[in-house]
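Please read the structure below before turning to the comments.
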Amino acid sequence: MRRRDFILLLGAGTRSAQSMRERASMNSISLRILLVVAAAALGYVVPAQAENYFCKQQFALCTSAPCILEPGNPKVAICTCDVEDGPNLATVACDTVKPGTDANGVRTVYSQFALKQFAQGKRTLKCAAGTPWTWCLNKPCTIDPANPKKAICACDVLRTGEWITAGGNCNTATCKTAYWSGAPLNDFNDGTDFLVKQLKLKKSPVNWCSQADAR
């Protein structure tokens with residue numbers, strides 16, 4: 001075989017291999033698109049990977065907040081949360097959950113996660129999937145003008161997966177009867193580990209309710 005013919009053959013082989021890789025890549029992309037479309041058609045939500053941000057600003061702390069359903073809207077609960085200043089966790093950039101005051105003097109803060117109430121002695125109650133709870137993280141809240149230490153937050157009502165709350169006073173009966181502000185178990189553990197590292201704590205302040213507490 002002449003050298004020129006060999007080079008042409010080699011080039012053709014390279015183009016063929018490249019074409020095969022491109023087709024494989026396109027097939028992989030098409031498969032992912034089909035999976036997303038199929039999931040949407042079946043009513044499933046494809047979760048996005050949350051990223052933790054360490055913020056230092058005024059925020060609403062809802063880890064033990066009691067909530068009630070918004071009148072006429074079973075998907076939203078109104079929660080009364082503490083107004084705090086200091087280090088906290090958000091899963092969106094800190095600037096997007098920055099507190100502010102509008103032209104009418106209404107002060108807005110956002111619900112973010114902190115370990116303060118656990119350090120103060122509140123314990124963590126774990127509740128089973130299917131019981132109602134509210135998801136407040138990153139939600140906007142209005143500071144009560146009559147009591148600036150409290151904020152009113154509108155949170156999502158959920159009934160999916162195991163969840164935890166610092167509310168309920170370790171009474172498992174409240175898992176079914178109350179709409180506590182809570183968090184998915186995995187997200188809570190991830191957020192706690194993140195803050196322990198950021199704050200350079202020797203150990204987590206989180207303590208769990210025991211079986212003996214159940215009534």
Side-chain angles (χ1 to χ4, degrees), residues 36-37 39-48 50 55 57-84 88-114 116-117 122 124-188 191 209 215:
V36 171
V37 171
L42 292 172
Y44 296 113
V45 176
V46 180
C55 307
Q57 57 198 18
Q58 191 175 59
F59 65 103
L61 181 58
C62 299
T63 46
S64 64
C67 309
I68 60 172
L69 289 178
E70 181 181 70
N73 188 355
K75 295 182 179 181
V76 174
I78 306 301
C79 306
T80 303
C81 305
D82 294 341
V83 176
E84 301 285 354
N88 59 78
L89 175 153
T91 56
V92 296
C94 299
D95 283 346
T96 65
V97 287
K98 186 168 55 177
T101 305
D102 69 12
N104 296 314
V106 177
R107 180 75 173 165
T108 298
V109 292
Y110 290 81
S111 171
Q112 293 164 237
F113 178 62
K116 181 175 181 176
Q117 292 186 344
K122 287 190 179 293
T124 310
L125 174 65
K126 182 165 68 173
C127 296
T131 53
W133 58 284
T134 62
W135 178 242
C136 290
L137 188 63
N138 306 324
K139 299 295 185 182
C141 311
T142 299
I143 292 182
D144 184 350
N147 183 2
K149 293 183 178 180
K150 294 291 182 180
I152 309 301
C153 307
C155 306
D156 297 329
V157 175
L158 301 174
R159 296 177 183 268
T160 56
E162 279 189 316
W163 57 282
I164 65 89
T165 181
N169 196 29
C170 289
N171 184 353
T172 54
T174 66
C175 293
K176 296 180 179 180
T177 60
Y179 289 82
W180 296 107
S181 172
L185 183 59
N186 289 338
D187 288 355
F188 173 73
C209 298
R215 297 191 293 275

Side chain to side chain contact (heavy atoms under 4.5 Å, CB included) between Gln57 and Val97: does it pass, once the steps are laid out?
CA-CA 9 Å; Gln57 57 198 18; Val97 287; 3.7 Å; yes
Quick one: pull up [atom1] in [X] and [atom2] in [Y] and give me the separation to the nearest 0.5 Å.
| X | Y | atom1 | atom2 | result |
| --- | --- | --- | --- | --- |
| Leu89 | Gln112 | CG | CD | 8.0 Å |
| Asp156 | Trp133 | CG | CH2 | 9.0 Å |
| Cys81 | Ile143 | SG | CD1 | 11.5 Å |
| Ser64 | Asn169 | OG | CG | 10.5 Å |
| Trp135 | Trp163 | CH2 | CH2 | 13.0 Å |
| Cys155 | Leu137 | SG | CG | 9.5 Å |

Report the residue from Gln58, Glu84, Lys98 that forms a side chain to side chain contact (heavy atoms under 4.5 Å, CB included) with Val109.
Gln58
Working note: Ile152 + Thr80, criterion side chain to side chain contact (heavy atoms under 4.5 Å, CB included); need CA distance, chi angles, decisive distance, verdict.
CA-CA 5 Å; Ile152 309 301; Thr80 303; 3.8 Å; yes
Any heavy-atom pair between the side chains of Leu69 and Val157 that's under 4.5 Å?
yes
Pair Thr63-Lys122, side chain to side chain contact (heavy atoms under 4.5 Å, CB included): steps then yes or no
CA-CA 10 Å; Thr63 46; Lys122 287 190 179 293; 5.9 Å; no
Thr91-Asn138 side chain donor-acceptor pair, cut-off 3.5 Å:
yes
Looking at every non-hydrogen atom in both residues, tell me the closest pair between Cys175 and Thr131 and how far apart they are.
O-CB, 3.2 Å
So among Cys62, Cys67, Cys153, which one has a disulfide bond (SG atoms under 2.5 Å apart) with Cys79?
Cys67
Trace of the side chain to side chain contact (heavy atoms under 4.5 Å, CB included) decision for Lys116 with Asp82:
CA-CA 11 Å; Lys116 181 175 181 176; Asp82 294 341; over 6 Å; no
Should the pair Phe188 and Phe113 be assigned to parallel (<30°), tilted (30 to 60°) or perpendicular (>60°) ring geometry?
perpendicular
